[in-house]
2 protein chains.
Amino acid sequence: MNYSDLKPIYLQIVDTICEQVLNGTLQSGQRIPSVREMAITMQVNPNTLIRSYSYLEEQGIITMSRGVGYFLSQDAIKKVISIKKQSFLKQELPNIFKTMDLLEMDIKELTQLYKQRSDYEKK
Amino acid sequence: MNYSDLKPIYLQIVDTICEQVLNGTLQSGQRIPSVREMAITMQVNPNTLIRSYSYLEEQGIITMSRGVGYFLSQDAIKKVISIKKQSFLKQELPNIFKTMDLLEMDIKELTQLYKQRSDYEKK
DNA sequence: TATAGTGTTATAGTTAGCTATAACACTATA
DNA sequence: TATAGTGTTATAGCTAACTATAACACTATA
């Protein structure tokens, strides 16, 4: 993991896990790696990882059985998508459009950039 | 000012000042409010504000004369635009496109959202 | 040259985030 | 029931960001 400075590590881990839910690395309903395991994978202190897991639990994306482990909710994918979509539409998008205004960049230019990157970045 | 948690206040202030450069509230070559004044305006400690000003100075957007004050560089607007553009293209845009993939949102949908908000948000 | 207005630095204290380390509590199971 | 693997909590210490407050240094100017 490459952690950036501007976002707390525990939230960056949340993002990583959400991605893994969406891309199928982690499967709905299944158990996810234990706190200690994941802490090692993410090269992070167990306490920090618990923050990530607790956060995901609050959001209803994972659930916990004491002494057993954490599990993805049945509708984990739905939840992740709905949360991501919400924050994209309400928080990120307004900022993006604002920046575009400042840079005097119109939607046409953005479309070009989108298509360009599709040529080589997309799977 | 409404400060968010995820970005240091001094950087949020940097953003605010950059905006004011671009929208003409602050004029190229002119003096900008003193550390103390701006600290009050931004409802922030002078030390914090010095961080913002120092950061802007490093970027070449403002310059300092001891005992006199801070001034916008002659080419402040150019510098702000070039820095913003750089970070938009290299940092933000890739993330935006990535999120769009995750949400299975295509450029068409984004264009619609862009045009919608134009109807009521834009000046 | 005194002074008001600049920027600057220092001290001390708070908080959030993170770390290392250790101990504790619960559960499944051999 | 012992034990290995879960999650949990606690202690102590670090750093970055921020705050309050005060003192210091430089510059323009009355």
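The sequence lines fix the lettering, A, B, ..., with proteins before strands; numbering per chain opens at 1.
Nucleotide D/dA20 holds its P atom 14 Å from the CD1 atom of B/I50, rounded to whole Å. Here C/dG7 presents its P atom at 8 Å from CD1 of B/I32, a figure rounded to the nearest Å. In this structure, B/M38 atom CE and C/dG5 atom P are separated by 19 Å, rounded to whole Å. A straight line from OH of B/Y55 to P of D/dC18 spans 13 Å, rounded to a whole angstrom. The distance between atom CG of A/L49 and atom C1' of C/dG17, rounded to the nearest whole Å, is 14 Å. Computed from coordinates, the B/L6 CG to D/dA16 C1' distance equals 15 Å when rounded to whole Å.
Under the rule for a ring-ring contact (aromatic ring centres under 6.0 Å, His included), the partners of B/Y70 that lie at least two apart in sequence or sit in another chain are B/Y53. A/D75 pairs by the salt bridge (Lys or Arg N to Asp or Glu O under 4.0 Å) definition with A/K79, not counting sequence neighbours. By the ring-ring contact (aromatic ring centres under 6.0 Å, His included) test, A/F88 is found to be paired with no residue, residues two or more places apart in sequence or in another chain being considered.
The CD1 atom of A/I61 sits 11.5 Å away from the CD1 atom of A/I77 when rounded to the nearest 0.5 Å. Considering CD of B/E57 and OG1 of B/T63, their distance stands at 7.0 Å, rounded to 0.5 Å.
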Discussion item. If you apply the rule salt bridge (charged side-chain N to carboxylate O under 4.0 Å, His left out), what do you find for B/K98 with A/D15, and how did you get there?
Written reply: CA-CA 12 Å; B/K98 198 171 165 189; A/D15 287 342; over 6 Å; no
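For the pair B/T41 (side chain) and B/E37 (backbone), a donor-acceptor distance under 3.5 Å is present. Without hydrogens or angle criteria, B/S73 side chain to B/A76 main chain gives no donor-acceptor distance under 3.5 Å. A donor-acceptor pair under 3.5 Å is absent between the side-chain atoms of B/E92 and the main chain of B/L89, judged by distance alone.
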What's touching nucleotides 18-22 of chain C from the protein side, N or O pairs under 3.5 Å?
from   : atom 1 : to    : atom 2 : distance (Å)
C/dC18 : OP1    : A/I9  : N      : 2.1
C/dC18 : OP2    : A/Y10 : N      : 3.4
C/dT19 : OP2    : A/N45 : N      : 3.2
C/dT19 : OP2    : A/T48 : OG1    : 2.7
C/dA20 : N7     : A/N45 : ND2    : 2.9
C/dA20 : N6     : A/N47 : ND2    : 3.2

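Look at B/Y70 and you'll find a side-chain N or O under 4.0 angstrom from OP1 or OP2 of C/dT8.
Across A/V14 and A/S52, no two heavy atoms sit closer than the pair CG2-O, 3.8 Å.
Taking a pair as Watson-Crick or G-U with both hydrogen-bonding distances under 3.5 Å, the stems of three or more pairs touching DNA chain C are C:1-30 with D:1-30.
Here B/E37 lies in heavy-atom contact (under 4.0 Å) with sugar-phosphate atoms only.
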Practice prompt. Take nucleotides 25-30 of chain C nucleotide by nucleotide from the 5' end and write B, S or -, depending on whether a protein heavy atom sits under 4.0 Å from the base, only from the sugar-phosphate, or from neither.
Written response: BBS---
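Other residues, nucleotides and ligands place more than 12 heavy atoms under 6.0 Å from the CZ atom of A/F71.
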